[in-house]
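One structure below.
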Amino acid sequence: MSDRYQGFVQSPLGRVLVKNLGLPDPVRLDRYTAGEPLVDGVVGLGGRGRLAGPLPEILDGLGIASTDASGGPGDTTFRGLVLDATGLTSASDLVALRDFFTPLMRSLTTCARLVVLGTPPELCHGPERVAQRALEGFTRSLGKEVGRGGTSQLAYVAEGAEGAVASTLAFLLSPKSAYVSGQVVRVGATGTTSPGQVEDWLRPLAGRTALVTGASRGIGEQIARVLHRDGATVVGIDVPQAASELQELMAELGGDHLTLDITGKDAPQRIAHHLQEKHGGVDVVVHNAGITRDKKLANMAASSSGDRWTSVLDVNLVAPERITRELLDQKVVHANGRIVGVASIAGIAGNAGQTNYATSKAGVIGLVDALAGELPDGITVNAVAPGFIETKMTAAVPFATREVGRRLNAMSQGGQPVDVAETIAWFANPASTAVDGNVVRVCGQMMLGA
Ligand code: NAD
């Protein structure tokens, strides 16, 4: 979908107006190209905690060049910075944040990646808990001021999970996280500290099967493409009306398709049977299919033209819950499997006219909370919560609302479906076993909600 304003601000007249009128200035975000190195440049490291020792080797294993940046920038321009803040055990230690980042802020490339590593506060006590919780305010603010397409994240890494951060750093430091900023993610916080295995970082899903619902278009299509790029055999599901687009895409990706309405009474059984019979089970399940039927609650009564409440809840929440339950009960999900929900920032912040949708999407977050840490054999459950993503769904939003959605975020632009897909691919990575119970917003750090 096109964003004409973004094209305009790159023109000579646009540059003048942006400068003089203080208009939003969206930069072209770097995005990952298949086969390229994860990070095209140097990452500066600092801090003295549990992760400082292993960090250079972990990054080296990902093909990412790093250097100690605690002495200031020298002549280096940094593509990213990582501060190990796990050693900060009281409020007075927090000055280390300023001491590390301030001298380096003018030596960053565009689309720079800033990452702070901490200890989950819920696993700390007393002054350490206070200090670790404080990191959130720092990283979220930094995301709002870094500018020029830069991002800032906080990864809370549980003790014992130091060896399990590679897939998370690969995502947070690379252009794969182009539209993810101001997020707080947890590694190992639900008790699993095993990293999981990945043989080839360019094709981490080789030999694995991934189910994607609503795969024929929009975000679902990009999820299918990215999981295929990462080596998975994709099984796409969509409604009979979308059968030809679905078949075409799955043929292109060498995948498989199943045409059905996920709200059908026997849909969970049919999906489980198909996956078991044709693929011997499944490794990654992405519940992407979703619908909106917006109306203020006062106008939401069931009518002859359809029940907006029930249809939205059925597709967005009840179906993912039933399908997940069936796949787990029938043991169709392999060990080290991944279940991924697609929530929405509406499910976090609420949205006028979307009581039905926001209920369903908050319920998806509830599904993550209910299952995280409870699943056997290294199976994880996480969700993405997209903000304003450029799709047919958002192209249909009235102009003024659409412009607000696009600009009211730290990137001053909408995200692309691929940004949601890359986040899901991080969850899906076999090396993300310790990444469990997260809800990560893909929203360019939107001003709505936290
Ligand atoms: P979309 O409408 O372009 O695609 C949704 C797909 O799901 C379609 O192919 C549709 O046919 C399929 N689908 C709908 N009902 C189904 C059913 N009962 N059974 C099987 N398939 C069904 O939407 P999108 O923008 O790509 O959104 C994908 C997901 O992302 C949805 O869950 C949506 O709520 C969520 N989301 C989107 C945005 C955004 O800005 N576009 C923001 C937040 C969340």
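Taking the six-membered ring where the residue is Trp, Phe171 and Trp426 present parallel rings, their angle staying beneath 30° rather than reaching 60°.
Within the 4.5 Å cutoff, side-chain heavy atoms of Val157 are placed close to those of Leu51. Within the 4.5 Å cutoff, the side chain of Val381 has no heavy atoms near those of the Leu367 side chain. A heavy-atom distance below 4.5 Å is found between the side chains of Leu117 and Leu55. Within the 4.5 Å cutoff, side-chain heavy atoms of Leu114 are placed close to those of Met105. The shortest distance between side-chain heavy atoms of Gln222 and Glu422 does not fall below 4.5 Å.
Minimum interatomic distance between Leu313 and Asn356 (heavy atoms only, all atoms of both residues): CD2-O, 3.4 Å.
A distance of 11.5 Å separates CG of Leu59 from OG1 of Thr67, quoted to the nearest 0.5 Å. Expressed to the nearest 0.5 Å, how far OG1 of Thr77 lies from CG of Leu108 amounts to 8.5 Å. The distance from atom NE2 of His257 to atom CG of Leu246, rounded to the nearest 0.5 Å, is 6.0 Å. We find the OG1-CZ distance between Thr119 and Arg129 to be 12.0 Å, quoted to the nearest 0.5 Å. A distance of 9.5 Å separates CG of Leu173 from CD of Gln153, quoted to the nearest 0.5 Å.
No side-chain N or O of Asn429 forms a donor-acceptor pair with one of Ser167 less than 3.5 Å apart. No side-chain N or O of Thr110 forms a donor-acceptor pair with one of Arg79 less than 3.5 Å apart.
Between the side chain of Glu403 and the main chain of Thr401, no donor-acceptor pair closer than 3.5 Å is present. Distance alone, capped at 3.5 Å, places no donor-acceptor pair between the Arg203 side chain and the Asp230 backbone.
Heavy atoms of other residues, nucleotides or ligands lying less than 6.0 angstrom from CD of Glu199 number 12 at most. For Arg229, the CZ atom sits in a packed shell: over 12 heavy atoms of surrounding residues, nucleotides or ligands are nearer than 6.0 Å. Other residues, nucleotides and ligands place more than 12 heavy atoms under 6.0 Å from the CZ atom of Arg402. Within a 6.0 Å sphere centred on CG of Asp99, other residues, nucleotides and ligands contribute more than 12 heavy atoms.
Paired with Arg208 under the rule side chain to side chain contact (heavy atoms under 4.5 Å, CB included), one option of Asp283, Val234, Val282 passes, and it is Asp283. Residue Leu154 forms a side chain to side chain contact (heavy atoms under 4.5 Å, CB included) with just one option from Glu136, Arg140, Arg186, Gln132, and that option is Glu136. Under the side-chain hydrogen bond (donor to acceptor under 3.5 Å, both in side chains) rule, Thr151 has a single partner from Gln183, Gln445, Arg113, which is Arg113.
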Please step through side chain to side chain contact (heavy atoms under 4.5 Å, CB included) for the pair Ile379 and Ile339, ending with a clear verdict.
CA-CA 8 Å; Ile379 300 173; Ile339 293 163; 4.2 Å; yes
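The existence of a salt bridge linking Glu252 and Arg225 is confirmed by a sub-4.0 Å separation between a basic side-chain nitrogen and an acidic carboxylate oxygen.
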